[in-house]
J.: 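Below you will find the structure I want to go over with you.
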Amino acid sequence: MSGLAMPKPDAATLSRRAEIVADLARIVPGEGVVDAVNEMRAFESDGLTAYRQLPLVVVLPETTAQVSKILKYCDERGIRVVPRGSGTSLSGGALPLEDAVLLVMSRFNAILDIDFMNRCVVAQPGVTNLGITRAVEEDGFYYAPDPSSQIACSIGGNVAENSGGVHCLKYGLTANNVLGVEMVLMNGEVVRLGGKHLDAEGYDLLGIMTGSEGLLGVVTEVTVRILRKPETARALLIGFPTSEQGGQCVADIIGAGIIPGGMEMMDRPAIHAAEDFVQAGYPLECEALLIVELDGPGVEVDHLIGLVEAIALRNGSTTCRISTSEEERLRFWAGRKAAFPAVGRISPDYYCMDGTIPRKELPRVLAGMRELSQQYGLRVANVFHAGDGNLHPLILYDANLPGELEKAEAFGADILRLCVKVGGVLTGEHGVGVEKRDLMPEMFSQADLDQQMRVKCAFDPNHLLNPGKVFPQLRRCAELGRMHIHAGKMPFPDIPRF
Ligand SMILES: Cc1cc2nc3c(=O)[nH]c(=O)nc-3n(C[C@H](O)[C@H](O)[C@H](O)COP(=O)(O)OP(=O)(O)OC[C@H]3O[C@@H](n4cnc5c(N)ncnc54)[C@H](O)[C@@H]3O)c2cc1C
């Protein structure tokens with residue numbers, strides 16, 4: 001693993017491995033425990049593929065009762081646990097630890113209830129994001145948050161990462177679409193937060209749980225809101241001679257009070273890579289390409305198209321195509337949706353970053369990124385959820401060249417520092433995980449971090465759930481408040497910054 005220190009393996013736990021495996025097999029009989037090294041290889045990494053680690057053992061429970069028994073067992077013996085959904089996290093959230101049980105939730109794959117009256121679906125956490133839409137689409141409904149990984153990622157993972165996608169600009173992130181969860185605490189207690197009802201009194205624990213990256217509890221059931229499919233959806237493909245003009249157009253569209261169903265931008269390298277890959281019909285002469293989707297009743301969509309076209313022209317657009325059929329709309333999106341693999345074809349490796357900035361800072365951040373690209377000697381292709389100000393710079397590098405991965409990581413860290421500097425945040429939707437863990441002090445003060453860790457202590461006082469993720473260093477709950485940051489650096493020389 002490059003430059004990343006995880007918690008040291010607990011020697012006692014490692015030496016008790018055979019006993020732990022046997023005990024877990026009693027809780028989850030049949031094929032629920034995987035301990036052969038060659039079989040565990042399938043779980044040694046997640047979407048952040050530069051990092052790999054075999055777990056102590058893999059366990060695949062099927063029922064909440066089994067999850068409860070596993071966690072209680074581990075809690076009583078001080079054994080660490082890393083929850084995992086489909087393993088598509090791009091920030092290393094599901095990266096195993098050598099001395100931790102990897103709790104894989106993929107066998108929780110049933111839709112439990114489809115309730116059109118209350119416009120919600122109750123699903124087990126291993127159901128894929130797209131699986132929810134598939135279950136209701138024949139009846140004219142869908143689940144709005146749509147990560148590009150939706151064919152594979154689990155709804156439990158979406159809750160843990162507060163995942164987003166193209167349609168979150170108008171319809172909100174996972175946090176805005178999850179109504180309730182059943183979850184198991186590290187001590188084995190099963191609790192329910194929220195439900196089909198709109199809101200409940202008391203602290204918003206569901207809000208805390210959403211985006212908690214597997215550090216507070218294991219989600220065993222999820223209730224999500226479903227929406228009626230819009231009557232019409234049409235997309236505009238708008239080309240600009242500069243990214244700055246594209247960025248200004250985005251700001252002006254939002255400033256005019258228009259909230260598109262989706263608004264995505266790609267820069268020249270991403271446009272060319274996507275066009276070569278899927279032939280979506282993208283204009284190749286422009287520096288920035290904006291895809292704006294407007295949805296709703298037909299008359300409203302037609303009206304908004306006219307407004308957006310006029311705003312684009314005022315910002316110097318050189319091309320503007322409007323989809324005239326569903327097939328064409330999907331073709332416009334095909335290039336954007338395939339942008340990551342398309343970029344994968346023009347470089348041996350790429351490193352996908354995820355920062356968020358205030359929309360108006362886009363030109364400044366793009367200029368800063370260009371400077372960094374020259375400084376590091378690495379190319380970058382940009383794909384943005386432009387409406388949300390969520391950037392996905394893809395840094396191109398070659399892992400076979402000594403030092404290139406480290407260079408790409410340093411470049412990525414500088415991009416995130418730039419995002420924070422202009423008033424943005426370290427992550428838009430991919431989470432902190434291990435990837436951005438050591439950058440947390442760039443964004444949060446000591447008091448901020450302490451308060452967040454107190455929340456962790458309230459759920460998992462022994463810090464056994466997904467340790468080494470999100471927080472640069474977890475202190476014992478009783479010690480909180482004693483740690484200080486010196487000159488913006490954490491006083492932990494044993495944790496290299498990446
Ligand atoms: C090609 C590609 C495109 C992507 N595009 C997007 C995108 O557009 N938007 C976006 O937001 N993300 C995107 N992602 C990132 C990723 O798909 C999301 O973060 C997703 O929500 C992870 O779900 P998962 O089931 O794979 O979770 P995992 O990767 O298995 O786990 C992610 C985190 O959730 C925790 N976790 C998983 N299940 C549970 C559970 N049941 N209870 C408690 N904690 C749990 C894990 O401990 C870990 O911290 C993309 C990833 C890839 C590979």
J.: Would you confirm whether Arg359, through its side chain, and Gly387, through its main-chain N or O, come within 3.5 Å as a donor-acceptor pair?
T.: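 Yes; at least one donor-acceptor contact below 3.5 Å.
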
J.: What distance do Arg119 atom CZ and Ile114 atom CD1 have between them, rounded to the nearest 0.5 Å?
T.: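 With rounding to 0.5 Å, CZ (Arg119) is 14.5 Å from CD1 (Ile114).
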
J.: Taking Leu439's backbone N and O only, do any of them form a donor-acceptor pair with Arg417's side chain (distance below 3.5 Å, no angle check)?
T.: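 Side chain of Arg417 to backbone of Leu439: no pair is present.
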
J.: Provide the closest heavy-atom pair for Gly131 versus Ile111 in the form atom of the first, atom of the second, distance.
T.: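 Reported closest heavy-atom pair: O-CD1, 4.2 Å.
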
J.: Heavy atoms only: give me the nearest Pro29-Gln66 pair and the separation to one decimal.
T.: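 Scanning both residues completely, I find the closest heavy atoms to be CD-NE2, 4.3 Å.
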
J.: Salt bridge or not between Arg192 and Glu221? Use side-chain N to carboxylate O under 4.0 Å.
T.: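 Counted as a salt bridge, because a side-chain N and a carboxylate O are separated by less than 4.0 Å.
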
J.: Measuring only between side-chain heavy atoms, which start at C-beta, is Met440 closer than 4.5 Å to Leu426?
T.: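 SC-SC contact between Met440 and Leu426 confirmed.
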
J.: With Ile253 as reference, evaluate Ile259, Ile258, Leu304 under the side-chain contact (heavy atoms from CB on, under 4.5 Å) test and give the passing residue.
T.: Ile258

J.: Grab the two heavy atoms, one from Gly164 and one from Leu173, that are nearest each other, plus how far apart they are.
T.: CA-CD2, 3.4 Å

J.: To the closest 0.5 Å, what do you measure between CD1 (Ile70) and CD1 (Ile79)?
T.: 11.0 Å

J.: Would you please name every residue forming a salt bridge (Lys or Arg N to Asp or Glu O under 4.0 Å) with Lys69, sequence neighbours left out?
T.: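 Residues passing salt bridge (Lys or Arg N to Asp or Glu O under 4.0 Å) with Lys69: none at all.
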
J.: Say you draw a straight line from NE2 of His392 to CE of Met353; how long is it, rounded to the nearest 0.5 Å?
T.: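 Going from the NE2 atom of His392 to the CE atom of Met353 covers 11.0 Å.
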
J.: Say whether Asp354 and Thr427, considering side chains only, have a donor N or O and an acceptor N or O under 3.5 Å apart.
T.: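 Indeed, the side chains of Asp354 and Thr427 share at least one donor-acceptor pair under 3.5 Å.
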
J.: Can you tell me if Glu76 has over 12 outside heavy atoms packed within less than 6.0 Å of its CD?
T.: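 Enclosed.
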
J.: Give the intermediate values and the outcome of side-chain contact (heavy atoms from CB on, under 4.5 Å) for residues Tyr171 and Asn176.
T.: CA-CA 8 Å; Tyr171 298 105; Asn176 309 104; over 6 Å; no

J.: Please check if the side chain of Glu213 supplies one atom and the backbone of Gly433 the other of a donor-acceptor pair under 3.5 Å.
T.: yes

J.: Would you say Pro83 and Leu465 make side-chain contact, with heavy atoms under 4.5 Å?
T.: yes

J.: Which pairs pass ring-ring contact (aromatic ring centres under 6.0 Å, His included) with one or both residues in residues 93-149, sequence neighbours excluded?
T.: Phe116-Phe141

J.: Do Ile395 and Ile415 touch side chain to side chain, with heavy atoms closer than 4.5 Å?
T.: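 Sidechains of Ile415 and Ile395: in contact.
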
J.: For the side chain of Asn462 and the backbone of Gly78, is there at least one donor-acceptor N/O pair under 3.5 Å apart?
T.: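 Not confirmed, Asn462 side chain does not pair with Gly78 backbone.
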
J.: Run the salt bridge (charged side-chain N to carboxylate O under 4.0 Å, His left out) test on Asp295 and Lys229 for me, step by step, so that the C-alpha distance in whole Å, both residues' side-chain angles and the decisive distance to 0.1 Å come before the verdict.
T.: CA-CA 9 Å; Asp295 62 4; Lys229 267 194 181 149; over 6 Å; no

J.: If you measure from the Lys or Arg side-chain nitrogens to the Asp or Glu carboxylate oxygens, is any gap between Arg336 and Glu264 under 4.0 Å?
T.: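 Salt bridge present between Arg336 and Glu264.
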
J.: List the steps, then state whether side-chain contact (heavy atoms from CB on, under 4.5 Å) holds for Val59 with Val57.
T.: CA-CA 7 Å; Val59 60; Val57 56; 5.7 Å; no

J.: Would you check, one step at a time, whether the test side-chain contact (heavy atoms from CB on, under 4.5 Å) holds for Tyr73 with Ile20?
T.: CA-CA 9 Å; Tyr73 170 86; Ile20 293 167; 3.9 Å; yes

J.: Do Asp75 and Asn187 get their side chains close enough for a donor-acceptor pair, meaning under 3.5 Å?
T.: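 No donor-acceptor contact under 3.5 Å links the two side chains.
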
J.: Determine yes or no for a side-chain-to-main-chain donor-acceptor pair under 3.5 angstrom, with Lys337 supplying the side chain and Ser148 the backbone.
T.: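 Judged by distance alone, no pair lies under 3.5 Å.
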
J.: Report yes or no: do Glu429 and Ser163 form a side-chain donor-acceptor pair below 3.5 Å?
T.: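 There is no such pair between these side chains.
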
J.: Is it the case that atom NZ in Lys72 sees more than 12 heavy atoms from other parts of the structure closer than 6.0 Å?
T.: no

J.: With a cut-off of 6.0 Å (strictly less than), are more than 12 heavy atoms of other residues, nucleotides or ligands near CD1 of Ile151?
T.: no

J.: Would you say the side chain of Val28 lies within less than 4.5 Å of the side chain of Leu60, judging by non-hydrogen atoms?
T.: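 Not in contact.
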
J.: Keeping the roles fixed (side chain from Asp46, backbone from Ser91), state whether a donor-acceptor pair exists under 3.5 Å.
T.: no

J.: Would you mind reporting whether Leu48 and Val434 have side-chain heavy atoms less than 4.5 Å apart?
T.: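 Side-chain contact under 4.5 Å: yes.
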
J.: Keeping the roles fixed (side chain from Thr356, backbone from Asn390), state whether a donor-acceptor pair exists under 3.5 Å.
T.: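 No, the answer is negative, given that no donor and acceptor are paired below the 3.5 Å cut-off.
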
J.: Using atom types as modelled and distance alone, determine if a side-chain donor or acceptor of Asp448 lies under 3.5 Å from a backbone N or O of Ser445.
T.: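 Judged by distance alone, yes, a pair lies under 3.5 Å.
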
J.: Using the side-chain contact (heavy atoms from CB on, under 4.5 Å) rule, take Arg84 and Met105 through it: C-alpha gap first, then chi angles, then the decisive distance, then the call.
T.: CA-CA 6 Å; Arg84 176 179 166 118; Met105 299 300 286; over 6 Å; no

J.: Are the charged groups of Arg17 and Asp99 less than 4.0 angstrom apart, N to O?
T.: no

J.: Just wondering, more than 12 heavy atoms not from Arg77 lying within 6.0 Å of its CZ?
T.: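 Yes, because the 6.0 Å sphere around CZ of Arg77 holds more than 12 heavy atoms from other groups.
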
J.: Is any side-chain heavy atom of Leu394 closer than 4.5 Å to one of Asn382?
T.: no

J.: Return the CG to CG distance between Leu56 and Leu97, rounded to the nearest 0.5 Å.
T.: 10.0 Å

J.: Applying salt bridge (Lys or Arg N to Asp or Glu O under 4.0 Å), can you list everything that pairs with Lys196, at least two apart in sequence or on another chain?
T.: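 With sequence neighbours excluded, Lys196 shows a salt bridge (Lys or Arg N to Asp or Glu O under 4.0 Å) to Asp113, Asp115, given in chain and number order.
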
J.: Which atoms form the tightest heavy-atom contact between Ser86 and Ala152, and what is the distance?
T.: OG-O, 2.7 Å

J.: Give a yes or no on whether the backbone of Ile357 and the side-chain of Glu361 come within a donor-acceptor separation of less than 3.5 Å.
T.: no

J.: For Arg52 and Ser45, which heavy atoms make the closest approach, and how far apart are they?
T.: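 Here Arg52 and Ser45 meet closest at NH1-CB, 3.7 Å.
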
J.: Side chains of Gln452 and Val455: closer than 4.5 Å at any heavy-atom pair?
T.: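 In short, these two side chains do not touch, never coming nearer than 4.5 Å.
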
J.: Could you check Asn158, Thr174, Val166 and say which one makes a side-chain contact (heavy atoms from CB on, under 4.5 Å) with Pro147?
T.: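 Only one option passes, and that is Asn158.
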
J.: When you compare the side chains of Thr64 and Glu182, does any donor N or O come within less than 3.5 Å of an acceptor on the partner?
T.: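 Looking only at side-chain atoms, Glu182 and Thr64 do form a donor-acceptor pair, the distance falling under 3.5 Å.
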
J.: Take the angle between the ring planes of Tyr350 and Phe340 and call it parallel below 30°, perpendicular above 60°, tilted in between.
T.: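 Correct class here is perpendicular.
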
J.: Let me confirm one number: the CG-CE distance from Leu362 to Met369, rounded to the nearest 0.5 Å.
T.: 7.5 Å

J.: To the nearest 0.5 angstrom, please state how far the OG atom of Ser212 sits from the NZ atom of Lys469.
T.: 12.5 Å

J.: Keeping Asp460 on the side-chain end and Met186 on the backbone end, is there a donor-acceptor pair under 3.5 Å?
T.: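 The answer is no, because no donor-acceptor pair under 3.5 Å joins these two groups.
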
J.: Is it the case that Glu435 and Tyr351 place a side-chain donor and acceptor less than 3.5 Å from each other?
T.: yes

J.: Which heavy-atom pair separates Asn162 from Ala175 by the least distance, and what is that distance?
T.: OD1-N, 2.9 Å

J.: With side chains defined as the heavy atoms from C-beta onward, is the minimum distance between Leu112 and Gln124 less than 4.5 Å?
T.: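 Yes, close enough: below the 4.5 Å cut-off.
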
